[in-house]
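Notes for the one structure printed next.
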Amino acid sequence: MTDVIVLGGGLAGCATALDLARAGMAVTLVEAGVPGGQASSANAGSLHAQIPHDPFRHKGADWARAWRPAVSLLIESIGLWRTLEADLAADLEIGFGGGLLVATSDAEMAEIAAKAQIERDAGLAVELLGRDTIRARAPYLAETAIGGAFAPIEGKANPLLVVPALLRAARAAGVAVASGVGEARITATGTGYRVVAGDRHWQARRIVIAAGAATGALAAQLGTPLAIDAVPIQVSVTEPAAPLVPHLLYCAGQKLTLKQARNGSLLIGGGWDARLDEGGRPQVDAANLAANLRVAMAMVPAIAGLNIVRSWAAHVNGTDDWLPIIGPLPGHPDALVCFVPWVGFTGSPAAARLVADMLLGRPPAFDLPMAAFAPNAAGSPS
Ligand SMILES: Cc1cc2nc3c(=O)[nH]c(=O)nc-3n(C[C@H](O)[C@H](O)[C@H](O)COP(=O)(O)OP(=O)(O)OC[C@H]3O[C@@H](n4cnc5c(N)ncnc54)[C@H](O)[C@@H]3O)c2cc1C
């Protein structure tokens with residue numbers, strides 16, 4: 001008999017299952033396909049804490065202020081990332097070189113300064129840099145860089161290593177893993193929840209929905225259709241190069257994230273749209289790939305001679321307000337959602353810890369304004 005069913009074997013689901021099993025619960029993790037087979041392995045490996053600049057520009061300061069609880073969650077989650085390798089006894093290629101957001105105009109610098117003030121209100125240390133300082137700290141940048149903001153706690157990890165390490169630890173802690181079962185469906189039984197996938201089924205008093213982009217559809221099966229999208233985006237990686245970029249780099253005027261992995265490869269992304277093929281599968285969009293690379297080369301001219309060895313596309317779990325959704329579904333105190341949109345690689349460890357605390361009746365590990373994340377909060381309509 002299982003105490004809790006966790007639906008979804010990405011980072012959010014594996015981390016939740018591990019936390020619950022370590023606290024003594026009997027946990028069954030139900031994964032439609034391969035654990036970590038979706039966004040949690042296909043992502044760019046950035047550990048973010050800054051308010052993302054692109055939505056800040058488009059949605060404005062009021063949106064950014066409403067997003068402060070998410071910044072606080074990301075700060076706590078990065079705290080967990082700092083001890084994750086020791087906790088899992090695994091090398092996850094984690095590094096904390098800090099995040100650098102670069103301005104190429106006075107107008108962009110003014111936007112960065114306004115955003116930094118909101119980030120500081122949420123408890124994030126952000127340093128504003130002028131032209132000389134940014135040139136001294138990041139000599140790899142183009143002459144066009146006139147300043148920026150530096151968030152020391154930001155960093156990177158290798159997404160290909162993280163879910164496998166979590167899953168090993170979860171299995172060692174006693175989690176029963178049912179993978180490759182196909183898409184599961186949930187029904188409330190009155191005393192708990194029944195999950196059915198193909199000819200297999202499981203029953204438990206409690207359930208966690210941690211199914212990434214599919215979380216909204218599963219929550220709808222319990223009466224709360226959360227407004228969650230699956231948005232196709234793409235990332236590229238270069239051949240290995242000598243050490244060049246120690247930071248997680250962003251650009252204020254265009255969408256860009258750029259970082260150098262342990263093996264020297266540069267990962268280039270920033271949320272550029274991919275396209276869908278006739279079967280609805282994400283495919284790399286060539287025009288957006290070229291545009292993304294142009295932005296990267298304009299920012300870091302030394303990468304222009306490197307070959308791109310791979311580009312890929314995957315669905316990211318998105319919401320319009322960008323806020324995490326964490327907690328029980330309306331009318332279902334024992335059915336909890338564990339969901340962090342857009343930056344869920346960074347934020348899922350903290351979301352998982354909070355969900356485990358709620359299920360176990362423990363005080364929350366972090367003091368956060370949880371009402372902002374409630375499944376019936378504005379932006380995730382019930
Ligand atoms: C290209 C790309 C780049 C990104 N870059 C970054 C980044 O640099 N930093 C960052 O913080 N975030 C990044 N993200 C976002 C991040 O990867 C995701 O937010 C995060 O991985 C979500 O984790 P998850 O466990 O909630 O979802 P997923 O990893 O998508 O896992 C959900 C799992 O649920 C399973 N599932 C779905 N439906 C069912 C069902 N009905 N029954 C059973 N199982 C089901 C799926 O098969 C899947 O394995 C990026 C995403 C993409 C796509």
Side-chain angles (χ1 to χ4, degrees), residues 5-17 28-50 52 70 73-74 77-78 81 99 154-159 162-163 166-167 177-186 195-198 200 202 207-221 228 230-237 248 250 257-259 267-274 282 284 292 311-319 322 324-326 337-352 355:
I5 297 167
V6 176
L7 261 185
L11 207 167
C14 289
T16 307
T28 300
L29 180 75
V30 177
E31 161 57 46
V34 177
Q38 299 205 359
S40 292
S41 300
N43 68 72
S46 310
L47 298 178
H48 302 284
Q50 299 186 42
L73 178 89
L74 295 176
S77 211
I78 287 175
W81 277 101
E154 293 192 315
K156 64 186 175 191
N158 183 337
V162 178
V163 168
L166 280 169
L167 202 61
V177 179
S179 58
V181 300
E183 279 184 19
R185 291 187 57 80
I186 317 168
V195 167
V196 178
R200 301 189 62 181
W202 302 265
I207 189 164
V208 176
I209 305 175
T215 296
L218 284 163
Q221 292 168 17
I228 291 170
V231 180
I233 59 171
Q234 58 195 43
V235 184
S236 299
V237 62
L248 165 58
Y250 314 90
T257 61
L258 187 150
K259 75 193 75 69
L267 279 130
I268 301 170
W272 287 78
D273 289 339
V284 171
N292 190 184
S311 300
W312 66 95
H315 278 127
V316 61
N317 49 318
T319 59
W322 284 58
I325 305 175
I326 301 168
V337 172
C338 182
F339 175 89
V340 181
W342 305 109
V343 291
F345 185 65
T346 312
S348 289
V355 165

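Start at 1 and go down the list; that is how both ligands and their atoms are numbered.
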For ligand 1 and Val343, I'd like to know whether there is a polar contact (N/O to N/O, distance under 3.5 Å).
yes

Quick test of your reading of the structure: of Ala39, Gly33, Ala12, whose heavy atom lies closest to atom 17 (O) of ligand 1?
Ala39

Is there a side-chain contact between Leu73 and Ile326, using heavy atoms and a 4.5 Å cut-off?
yes

I need the contact type for Phe339 against ligand 1. Using non-hydrogen atoms and a strict under-4.0 Å cut-off, is it side chain, backbone, both or neither?
neither

closest protein heavy atom to atom 10 (C) of ligand 1 is Phe345 CB, 3.2 Å

Which of the atoms of ligand 1 are close to His48, meaning less than 4.0 Å from one of its heavy atoms?
7 (C), 8 (O), 9 (N), 10 (C), 11 (O)

Checking the N or O distance criterion of under 3.5 Å, is ligand 1 in contact with Leu11?
yes

Of all heavy-atom pairs linking Val340 and Asn317, the shortest is O-ND2, 2.9 Å

Consider every N or O of Gly36 and every N or O of ligand 1, then say whether any pair is closer than 3.5 Å.
no

How far is atom 22 (C) of ligand 1 from the closest protein heavy atom, and which atom is that?
Asn317 OD1, 3.5 Å

Identity and separation of the nearest protein heavy atom to atom 15 (C) of ligand 1:
Trp342 O, 3.3 Å

Do any N/O atoms on Ala44 end up under 3.5 angstrom from N/O atoms on ligand 1?
yes

Nearest protein heavy atom with distance in Å, relative to atom 44 (N) of ligand 1:
Ala32 N, 3.0 Å

Structural part of Val340 in contact with ligand 1, heavy atom criterion under 4.0 angstrom
backbone

Check whether any N or O atom of Thr346, backbone or side chain, sits under 3.5 Å from an N or O atom of ligand 1, and answer yes or no.
yes

Side chain proximity check, Lys259 to Ser46, heavy atoms < 4.5 angstrom:
yes

Hey, are the side chains of Ile325 and Thr215 touching, using non-hydrogen atoms and a 4.5 Å cut-off?
no

If you count the atoms of ligand 1 from 1 in the order shown, which ones are under 4.0 Å from a heavy atom of Gly10?
25 (O), 29 (O), 31 (O), 33 (C)

Rounded to the nearest 0.5 Å, what's the gap from CG on Leu166 to OG1 on Thr16? Could you check?
9.5 Å

What do you reckon, does Gln234 have a nitrogen or oxygen under 3.5 Å from a nitrogen or oxygen of ligand 1?
no

Nearest non-hydrogen protein atom to atom 6 (C) of ligand 1, with distance, is Asn43 CB, 3.5 Å

Closest approach of any protein heavy atom to atom 52 (C) of ligand 1, naming residue and atom
Ile233 CD1, 3.7 Å

Against heavy atoms of Gly344, which atoms of ligand 1 measure under 4.0 Å?
11 (O), 12 (N), 15 (C), 16 (C), 18 (C), 19 (O), 20 (C)

Is Ala213 near ligand 1, meaning one of its heavy atoms is under 4.0 Å from it?
no

Before signing off on this row, confirm whether Ser46 and ligand 1 have an N or O atom pair separated by under 3.5 Å.
yes

Counting from 1 in the order shown, the ligand 1 atoms closer than 4.0 Å to a non-hydrogen atom of Ala42 are 1 (C), 2 (C)

Ligand 1 to Ala314, heavy atom cutoff 4.0 Å, flagged ligand atoms 53 (C)

Could you tell me the residue and atom name of the protein heavy atom closest to atom 36 (N) of ligand 1, and the distance to it rounded to 0.1 Å?
Ala211 CB, 4.0 Å

Under 3.5 Å, N or O to N or O, is Ala184 touching ligand 1 that way?
yes

Atom 21 (O) of ligand 1 - nearest protein heavy atom and its distance
Ser40 OG, 3.0 Å

If you count the atoms of ligand 1 from 1 in the order shown, which ones are under 4.0 Å from a heavy atom of His315?
53 (C)

Does a side-chain heavy-atom distance below 4.5 Å link Trp342 with Pro52?
no

Does the side chain of Val162 come within less than 4.5 Å of Trp81's, by heavy atoms?
yes

I'd like to check which ligand 1 atoms, numbered from 1 as shown, lie under 4.0 Å from a non-hydrogen atom of Val30.
43 (C), 44 (N)

Is the shortest N/O to N/O distance between Glu31 and ligand 1 below 3.5 Å?
yes

Quick one: closest heavy-atom pair of Gly155 and Leu248, and the distance?
O-CD2, 3.7 Å

Here the atoms of ligand 1 under 4.0 Å from any heavy atom belonging to Ala214 are 37 (C), 38 (N)

Based purely on interatomic distance, does Val235 place a nitrogen or oxygen under 3.5 Å from a nitrogen or oxygen of ligand 1?
no

